[in-house]
Amino acid sequence: MSMISQEEALKKPLPTPDGDSVELWEGLKDGKLLLQKCADCGDIQYYRQEMCCNCLSDNVQSFEASGKGTIHSFSVVHRAPGPAFKADTPYAVLLVELEEGPRMISSLVGSDPNTIEMDMKVELVTEKLTDDISLPRFKLAE
Amino acid sequence: MVNKKSIRGKAAVIGIGVSPLGRVPGRSPLWLAADATRNALADAGIDKMQIDGVMSGHSFASPFHRFNVALSEYIGIQPTFSNTYQVSGATAATLFNIAAAAIDTGLAETILISMGDSLLSGLTPDMALRSMTESRDQQYEMPFGIPVSNTFAMTAARHMKNYGTTSEQLAEVAVIHREHAMNTPGAQMTKPLSVDDVLSSKVVTTPYHKYDCSLVSDGGASFIVTSAERAQDLGIEKPIYILGGGECYTHEHIFKKEDITTTGAKRSSELAYARAGVTADDIDTAGVYDCFTGTVIMMLEDLGFCPKGEGGPFVSDRQITYGGKVPINTHGGLLSHCHPGIPGSLLHFYEVILQLRGQAGDRQVQGAELGLVHSLGAGFATNATTILGTESTL
Ligand SMILES: [Zn+2]
């Protein structure tokens, strides 16, 4: 690993889509979180990969997640991982369990992070960061 | 399944050494590793030219992609077996397991295991933290501002929810580690610490406070491992044998792990116990990776020292110190002794080997013959266990 310059350390990391994930990030631009279901074994997967992680079949098909889930775990960050996230503290990183089964890492918007609890219901909100990237975040369900 | 071919007792640790530890300004990771190596060679009573294998791990503050090769050049040797292994915090135990296998199969006869890093003096705190987030996935984790501590914190939070583990029990882990460090010359943290001190220290990432988290330090550690026969020929007084090891890699992303309160340590230790022919109840003292207090509680369960979910009460009952079921991290661990990053778990090996040699002084666990070290990393993605013993355990 090479050293990171101070200037680079101040920038928030943006995802760089790759051959597996480009459609996920395209979908998020339209407010859709795409999951995949394997037509051979029925496995539902996130993150997106161009192969079923269970049976290794190519026969995986995209579908839009409902955007509903629960907080399987969370941790409220008070000490930011580097200068880029300092202004956001405290913020809640979530381990969301989607109602379709897979889990994902995300973060909470719209509520005081100190008020959340395990197993609360959450809903997807996409947040546009650049013309190319919208992040999947979650708010507490109505 | 356990392969019948076994490394049990085939290789032994004959030399151990550390560099200055804690805050060591003005010293490079290579110097720290090389200084520890001089000390390990002197301890073994052999010359550097007798080393034919070098195994190392990643250093954050060093620009070298091949730390093993850079270190070999730095100390002026040309090994014929060498690699830098990278499984984050689990690297230390994998090095011992692989060294034993390499010696048993003849790839090398005498292996230097060495690492050094300067997370405290070689990097600014923000850079060190940023280095930690760089190890998370750039698409699915990093954009959300997730330090590696946060991954560990989420497993602890769920453990608290599922099993009723409390913040006070987490704090007890830090308190006992501090007691141990107060007995260890050169430990970084030696002021008394109470449960209240832990709970009133700044929150880093819930449920972890400052004193629930390991230190940031500088340091290096080195070991000389050779065949059991060579140890005999050299007349080594107290060789410490590698009896068995196991590893388990359960996920890269924490969101792919089905049960986040049970880790790959369960499988890696089951393999290590089976290969060594011992059980958790037989272990006299252990080095248990203690990057965070909750990590220790989960490891006590997964390594089989107490039933699942009972790690909290096990700690509150002081079963992890002198007089308890299994004294762990008697040097003070990553929490209170020294945490120079990936090399940190080598210090667990250093302490357990001192204990097994009967050289731990005031910290000696009486009658320690069988020891275990568990190294882990990357939000429990990587797990490796090594079991060590004196001649009487063969
Ligand atoms: Zn499939």
Side-chain angles (χ1 to χ4, degrees), chain A residues 1-6 8-10 12-18 20-21 24-25 45-48 53 71-86 88-98 102-108 113-114 116-119 129 133 135-137, chain B residues 58-65 86 122-162 202-210 213 252-258 260-261 379:
Chain A
M1 183 185 298
S2 56
M3 293 283 279
I4 305 155
S5 74
Q6 282 290 359
E8 276 178 288
L10 285 168
K12 256 184 201 174
L14 281 177
T16 305
D18 61 24
D20 285 306
S21 67
L24 171 79
W25 296 107
Q45 66 187 17
Y46 179 89
Y47 53 94
R48 192 182 180 84
C53 70
I71 297 176
H72 184 69
S73 194
F74 68 94
S75 177
V76 181
V77 178
H78 290 255
R79 187 175 177 212
F85 288 96
K86 254 178 199 163
D88 297 344
T89 58
Y91 58 92
V93 174
L94 306 178
L95 178 58
V96 174
E97 183 162 301
L98 299 170
R103 294 191 195 133
M104 62 187 292
I105 290 289
S106 183
S107 54
L108 181 77
N114 297 311
I116 62 171
E117 288 171 31
M118 292 287 175
D119 303 319
L129 296 186
I133 296 294
L135 282 185
R137 299 201 199 266
Chain B
H58 180 75
S59 167
F60 281 104
S62 159
F64 294 105
H65 286 272
Q86 171 53 307
L123 297 173
T124 66
D126 280 340
M127 305 279 273
L129 269 171
R130 182 68 195 268
S131 301
M132 294 298 178
T133 53
E134 291 290 342
S135 75
R136 307 319 304 163
D137 187 282
Q138 61 92 9
Q139 294 192 77
Y140 305 113
E141 294 174 328
M142 269 171 56
F144 303 101
I146 176 168
V148 70
S149 59
N150 191 274
T151 312
F152 284 107
M154 286 194 289
T155 64
R158 192 72 217 183
H159 195 277
M160 294 167 90
K161 170 75 179 172
N162 287 6
K202 271 190 186 169
V203 177
V204 173
T205 188
T206 60
Y208 288 147
H209 308 81
K210 179 184 173 190
C213 304
E252 170 66 21
H253 302 87
I254 190 67
F255 59 83
K256 292 288 242 183
K257 178 86 170 71
E258 204 169 327
I260 64 167
T261 62

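Below, all heavy atoms of this structure are taken into account, side chains as well, without hydrogens, waters or symmetry copies. Just so it is clear: chains get the letters A, B, ... in the order the sequence lines come, proteins before strands, and each one is counted from 1.
Both the backbone and the side chain of A:Pro136 come within contact range of chain B, with heavy atoms under 4.5 Å apart. Looking at B:Lys210, neither its backbone nor its side chain comes within 4.5 Å of chain A, counting heavy atoms on both sides. For A:Leu94, the part lying under 4.5 angstrom from a heavy atom of chain B is the backbone only. For a residue to count as touching a neighbouring chain, one of its non-hydrogen atoms must lie under 4.5 Å from one of that chain's; by this rule A:Asp18 touches chain B with backbone and side chain alike. For a residue to count as touching a neighbouring chain, one of its non-hydrogen atoms must lie under 4.5 Å from one of that chain's; by this rule A:Leu98 does not touch chain B. The part of A:Tyr91 that comes within reach of chain B is its side chain, from C-beta onward, which places non-hydrogen atoms under 4.5 angstrom from that chain.
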Given side chain to side chain contact (heavy atoms under 4.5 Å, CB included), test A:Arg79 with B:Ser149 step by step and report yes or no. CA-CA 10 Å; A:Arg79 187 175 177 212; B:Ser149 59; over 6 Å; no

Under the criterion side chain to side chain contact (heavy atoms under 4.5 Å, CB included), I'd like the reasoning laid out for A:Ile105 against B:His253: C-alpha separation, chi angles, the key distance, then a yes or no. CA-CA 9 Å; A:Ile105 290 289; B:His253 302 87; over 6 Å; no

Give the intermediate values and the outcome of side chain to side chain contact (heavy atoms under 4.5 Å, CB included) for residues B:Arg158 and A:Leu95. CA-CA 10 Å; B:Arg158 192 72 217 183; A:Leu95 178 58; over 6 Å; no

Passes side chain to side chain contact (heavy atoms under 4.5 Å, CB included), A:His78 versus B:Thr206? Steps please. CA-CA 8 Å; A:His78 290 255; B:Thr206 60; 4.2 Å; yes

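Here the side chains of B:Gln139 and A:Trp25 are in contact, with some heavy-atom distance below 4.5 Å.
A donor-acceptor contact shorter than 3.5 Å links the side chain of B:Gln138 to the backbone of A:Thr16. Remark: the backbone N or O of B:Phe144 is not paired with any side-chain donor or acceptor of A:Ser107 at under 3.5 angstrom. One N or O on the side chain of A:Arg103 and one on the backbone of B:Lys257 form a donor-acceptor pair closer than 3.5 Å.
In this structure, A:Tyr47 and B:Tyr140 have parallel ring planes: the angle between them is below the 30° cut-off, well short of the 60° mark.
The minimum heavy-atom distance between B:Ile146 and A:Pro81, with the atom names listed, is N-CG, 4.4 Å.
Between the NE2 atom of B:His159 and the OG atom of A:Ser73 there is a distance of 12.0 Å, given to the nearest 0.5 Å.
Contacts with chain A were tallied for B:Glu258, B:Lys202, B:Glu141; B:Glu258 has the most, counting heavy-atom pairs under 4.5 Å.
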